[in-house]
Amino acid sequence: MPITYTSSEQVEVYRFSIPVTVIVPVTALFLQAWLPRQFPFFSMFDLPLLVTIFFAVSRRNPISGLLTGAAIGLFQDALTGLPIGVNGVAKTFVGYLASSLGVRLDVENAGARLLVTLVFYVIHEIVYFMVARGMIALSLQWSWKHELGSALANALVGVLLFFALDRFKQRT
Amino acid sequence: MESVLGRYKNLIVLVGVLFAQVLGLAVQVKRTTDTESSRLIRIWAVSAVTPFEKTLNWIEHGTGNLWHNYFYLRGVRQENRDLKAQIEQLKLEQVRLNEDAQQARRLQALFNFKEQYVSKTIAAQVIGSGGSEQSRVVYIDKGESDGIRQDMAVITVQGIVGKVLKVFRSSAQVLLIDDQSSGVGAILEKSRLQGIVRGTPAGEVVLEKIMSDEGVQPGEEVRTSGGDRIFPKGLPIGVVMRVNNSPDLFLSIRVRPSANLHKLEEVLVVTQVVDKEPSPGENTSVRAADILARRLPSVPDKPAEDPNKPKATQGAVSAPATGTASTTLAKPAQTTKPPQEANSVKTGAATAASGTVPKTGSPSAPKAITQPKASSAQPAATDSAAAKPKPVKPAPDQSQTAPPQDQPQ
C-alpha cells in the first residue's frame with residue numbers, strides 16, 4: 001500500500017537546517033536555469049516544484065509549505081521574462097496542498113512519492129495555466145498528453161531527488 | 001472569534017499569500033513596464049544564480065578550449081586546406097558583391113534612402129536560460145556596466161536571436177524570437193512581402209500578417225525589415241519551412257530560425273546603429289578615366305563653364321573629375337533611363353576602365369580621358385544621350401544640375 005492514512009501524531013515531522021533550506025532551492029533554481037541551455041529537453045522538468053513538494057511533504061506544516069512554495073515560485077518567476085507571481089501562485093497552492101496531505105498521509109515510500117508528485121505536477125500545471133491565461137493573457141495550449149508525459153517524467157525524477165534529499169532531514 | 005481564526009489559520013494565510021501575489025500580478029500587468037519592486041526580486045534572483053552560471057560557463061569553455069585547441073586537432077590540416085580554397089572562392093564572390101553593393105549605394109543616394117549600419121557590437125556569452133517552456137529567455141554575461149541597454153538587438157553571424165529585455169549590472173536577459181511575446185518586423189527576401197515574425201507557445205517561429213492570396217514558397221529567406229526600430233534592416237531571421245492556409249485572411253507561415261536558438265553560445269549585442277545616407281563617392285572604385293585626368297599633366301583643365309555651349313559639351317565640362325554627389329546624382333535624373341539600366345552601364349564602364357588604371361600608357365587611356373564621362377554616374381547620362389540623341393538645350397539650364405534631394409522619388 002503506497003499511501004497510508006495516519007493520524008497527525010503518527011507521522012514524523014522533519015525539519016531542515018538553514019543552509020539546506022536556502023541552498024537546495026537556490027541550487028534547484030540554478031539548475032533549472034542552466035541545464036536547459038545544455039540540454040533543451042530539460043525545460044520539461046520543474047526542479048523548483050519538486051523541491052517545493054519535498055519540503056512541504058516533509059515539514060507537514062501548511063503555512064511553512066505555502067510560504068516555501070511562494071518564495072521558490074517568485075524567485076523562479078524572477079528568472080523568466082514573465083510577470084512575477086505566476087509560478088508563485090501555483091507553487092503556493094501546491095505547497096499548501098502537499099503539506100496538508102503530508103499531515104494526513106505517510107508518503108515516505110517510492111510508490112507514494114511517485115503518485116503524489118505526479119498528481120501535484122498536474123495540479124501545478126492547471127493552476128499555472130489558469131493564472132497565465134486568465135491574468136496575463138498568455139496564449140498557452142493545454143495538451144493532456146504533454147502534461148501527463150511531463151508529469152510522469154517529473155515524478156520519476158522526483159522520486160530520485162527525494163531520496164537524495166532525505167539525508168538532509170532532521171527529526172524534530 | 002479567536003478560535004475561528006486559530007481553526008482556519010492555515011487557510012487564511014493561504015488566501016492572504018495568494019491574494020498578495022494576484023494583486024502583484026495585476027499591478028504588473030496594468031503597468032506593462034517593469035516596476036521597481038519587481039525589479040528588486042529579479043535582481044536578487046539573477047544575482048543569486050548568474051555567478052554560478054558564469055563560473056560553470058567559464059569552466060566549460062576552458063575545458064572545451066583546452067581539448068579542442070591543444071589536444072583534439074585531428075583533420076585540422078585538411079580543414080585548413082578546405083578553408084583556404086573556400087577563401088579563394090569567397091574572394092571572387094566578394095568582387096562581384098562589391099560591385100553590386102556600390103550600385104546599391106548609388107541608387108540609395110540617388111533616392112535619398114537612409115541605410116542602417118550596425119556600427120558597434122559587443123560580444124557576449126550565453127550563460128543561462130529562463131528555465132521555463134513558457135518564457136524563452138536567455139541570460140548573457142554582459143550588462144549595464146558593459147554598455148548594454150534595454151531593447152538592443154542581439155544577433156549571431158547566422159541571424160538574429162532576440163532583443164535585450166532586462167538589464168542588470170553584469171548580466172542581461174534576452175528575449176528570444178521564439179518567445180510568444182516577441183515580435184520582429186520581417187520581410188520576405190524575394191517577394192518583398194512584409195509581416196511580423198512571432199514565437200508560439202510551442203516554441204516555433206511563425207511569420208504573420210501575410211495575406212492568404214500572396215504566393216510564398218518554402219525555402220524563401222526571411223529578413224528583418226527594420227520596421228520595429230530594434231533590428232537593423234536586412235539581417236537574416238530564417239527560412240520559410242511550411243506555408244499553410246489558415247481560416248482567417250492571413251497565411252500561416254512557419255519559419256526555421258537561421259540562428260540555432262537552442263544552442264546559443266556567443267552572441268553579439270548591437271549597441272549602436274547608425275542611420276546613414278550612403279554617398280556614391282564613398283567606398284566606390286575610382287574610374288580609370290578620372291585617375292588619368294588627375295595624373296596626366298598633358299591633359300589641360302577644361303575651361304570654365306560657358307553658358308552658350310550646347311548640352312553635351314557642357315555635361316562633360318561641368319563635371320569634376322572625381323565626381324561629387326550632386327553632379328553624380330543629377331545626371332541620371334535628367335535622363336529618361338531607368339536607374340537600373342543606368343547603373344548597369346556605369347558598372348560595365350567602371351569595370352572596364354578599372355582594368356586600365358595601372359596601364360597609364362595604354363592606348364585606351366587618352367580615349368578614356370576625352371570621354372565626357374567624368375563623374376561616376378555620368379556615363380549613364382552620356383550613354384543614354386548617345387543611344388538616343390536629344391535636342392540640345394542651352395547650357396545654363398544644364399548647369400543647374402539639381403541636387404539629389406530635388407530628384408523625383
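Just the heavy atoms: all of them, side chains too, but no hydrogens, waters or symmetry mates, feed the values below. In the text below, chain A, chain B and the rest are named by the order of the sequence lines, each starting its count at 1. Keep in mind the model is a prediction, meaning the values are calculated, not measured.
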Enquirer: Sort out for me which of Ser135(B), Ala48(B), Ser132(B), Ser181(B) touches chain A most, counting heavy-atom pairs under 4.5 Å.
Expert: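 Highest number of pairs under 4.5 Å: Ser135(B).
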Enquirer: How far does CG of Leu56(B) sit from CZ of Phe30(A), to the nearest 0.5 angstrom?
Expert: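 Rounded to the nearest 0.5 Å, the CG-CZ separation comes out at 4.0 Å.
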Enquirer: Do you know which of Val126(B), Val137(B), Leu264(B) has the most heavy-atom pairs with chain A at a distance under 4.5 angstrom?
Expert: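 The answer is Val126(B).
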Enquirer: Select one option (side chain, backbone, both, neither) describing which atoms of Val138(B) are under 4.5 Å from chain A's heavy atoms.
Expert: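 Neither; nothing under 4.5 Å.
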Enquirer: So does Lys209(B) have more than 12 non-hydrogen atoms from other groups sitting under 6.0 Å from NZ?
Expert: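 Result for NZ/Lys209(B): open.
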Enquirer: Between Tyr96(A) and Leu11(B), is there a side-chain heavy-atom distance shorter than 4.5 Å?
Expert: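 Heavy-atom side-chain distance check passes, below 4.5 Å.
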Enquirer: Report which part of Glu53(B) has an atom under 4.5 Å of a heavy atom belonging to chain A: side chain, backbone, both, or neither.
Expert: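 Contact with chain A involves both backbone and side-chain atoms of Glu53(B).
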Enquirer: Could you state the interatomic distance from CG (Asn61(A)) to CG (Asn10(B)), rounded to the nearest 0.5 Å?
Expert: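 Taking CG in Asn61(A) and CG in Asn10(B), the distance rounds to 7.0 Å.
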Enquirer: At a 4.5 Å cut-off on heavy atoms, which part of Val131(A) comes close to chain B: side chain, backbone, both, or neither?
Expert: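 When you check distances to chain B, only side chain atoms of Val131(A) fall under 4.5 Å.
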Enquirer: Measuring from Ile84(A):CD1 to Gln28(B):CD, what's the distance to the nearest 0.5 Å?
Expert: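 If I round to the nearest 0.5 Å, the distance is 5.5 Å.
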Enquirer: With chain A, which of Asp179(B), Ile127(B), Leu14(B), Leu165(B) has the greatest number of heavy-atom pairs at distances under 4.5 Å?
Expert: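 That would be Leu14(B).
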Enquirer: Within this structure, what is the CD-CH2 distance for the pair Glu60(B) and Trp34(A), rounded to the nearest 0.5 Å?
Expert: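 Output value for this atom pair is 5.5 Å.
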Enquirer: Minimum heavy-atom separation for Leu79(A) and Tyr139(B), please, with both atom names.
Expert: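 That closest heavy-atom pairing would be O-OH, 2.7 Å.
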Enquirer: Please flag which part of Leu175(B) lies under 4.5 Å from any non-hydrogen atom of chain A: side chain, backbone, both or neither.
Expert: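 No part of it gets close to chain A.
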Enquirer: The criterion is side chain to side chain contact (heavy atoms under 4.5 Å, CB included); which residues satisfy it with Ser43(A), sequence neighbours excluded?
Expert: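 Scan of Ser43(A) (side chain to side chain contact (heavy atoms under 4.5 Å, CB included), adjacent residues dropped) gives Pro36(A), Glu133(B).
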Enquirer: Looking at Pro40(A), Gly81(A), Gly73(A), Ala137(A), which makes the most heavy-atom pairs under 4.5 Å with chain B?
Expert: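 Heavy-atom pairs under 4.5 Å are most numerous for Gly81(A).
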Enquirer: Where do Ile63(A) and Lys9(B) come nearest, in terms of heavy atoms and distance?
Expert: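 Looking at all heavy atoms of both residues, the shortest contact is CD1-CE, 3.7 Å.
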Enquirer: What part of Leu35(A) gets within 4.5 angstrom of chain B, counting heavy atoms only: side chain, backbone, both, or neither?
Expert: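 No part of it gets close to chain B.
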Enquirer: Between chain A and each of His262(B), Gln180(B), Lys263(B), count heavy-atom pairs under 4.5 Å; write down the option with the most.
Expert: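 Max contact count across the listed options: Gln180(B).
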Enquirer: Non-hydrogen atoms of chain B under 4.5 Å away: do they reach the side chain of Tyr128(A), the backbone, both or neither?
Expert: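 Contact with chain B involves the side chain of Tyr128(A) alone.
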Enquirer: Using non-hydrogen atoms only, which part of Pro83(A) is less than 4.5 Å away from chain B: side chain, backbone, both, or neither?
Expert: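 Contact with chain B: backbone and side chain both.
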Enquirer: Do the side-chain N and O atoms of Thr80(A) and Gln134(B) include a donor-acceptor pair separated by under 3.5 angstrom?
Expert: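 Not at all, the side chains of Thr80(A) and Gln134(B) share no donor-acceptor pair under 3.5 Å.
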Enquirer: For Gln21(B) versus Val89(A), what's the shortest heavy-atom pair and its separation?
Expert: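 So the minimum-distance heavy-atom pair works out to OE1-N, 3.1 Å.
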Enquirer: Quick one: what part of Asp77(A) sits under 4.5 Å from any heavy atom of chain B, side chain, backbone, both or neither?
Expert: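 The answer is the backbone of Asp77(A).
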Enquirer: For each of Gly130(B), Ala202(B), Ser129(B), tally heavy-atom pairs with chain A at distances under 4.5 Å, and name the one with the top tally.
Expert: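 Ranked by heavy-atom pairs under 4.5 Å with chain A, first place is Ser129(B).
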Enquirer: Output the option from Gln141(A), Gln38(A), His146(A) having the highest count of non-hydrogen pairs under 4.5 Å with chain B.
Expert: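 Option with the top pair count is Gln38(A).
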Enquirer: I'd like to know whether CD1 of Ile59(B) has more than 12 heavy-atom contacts from other residues, nucleotides or ligands below 6.0 angstrom.
Expert: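 Buried by this count: over 12 neighbours within 6.0 Å.
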Enquirer: So what's closer than 4.5 Å to chain A heavy atoms on Val46(B): side chain, backbone, both or neither?
Expert: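 Looking at Val46(B), backbone and side chain both touch chain A.
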Enquirer: Taking only residues two or more places apart in sequence or in another chain, which ones pass salt bridge (charged side-chain N to carboxylate O under 4.0 Å, His left out) with Glu265(B)?
Expert: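 Per chain and number, Glu265(B) pairs via salt bridge (charged side-chain N to carboxylate O under 4.0 Å, His left out) with no residue.
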Enquirer: Which value, rounded to the nearest 0.5 Å, describes the distance between Phe52(B) atom CZ and Leu29(A) atom CG?
Expert: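 Going from CZ on Phe52(B) over to CG on Leu29(A), the span is 11.0 Å.
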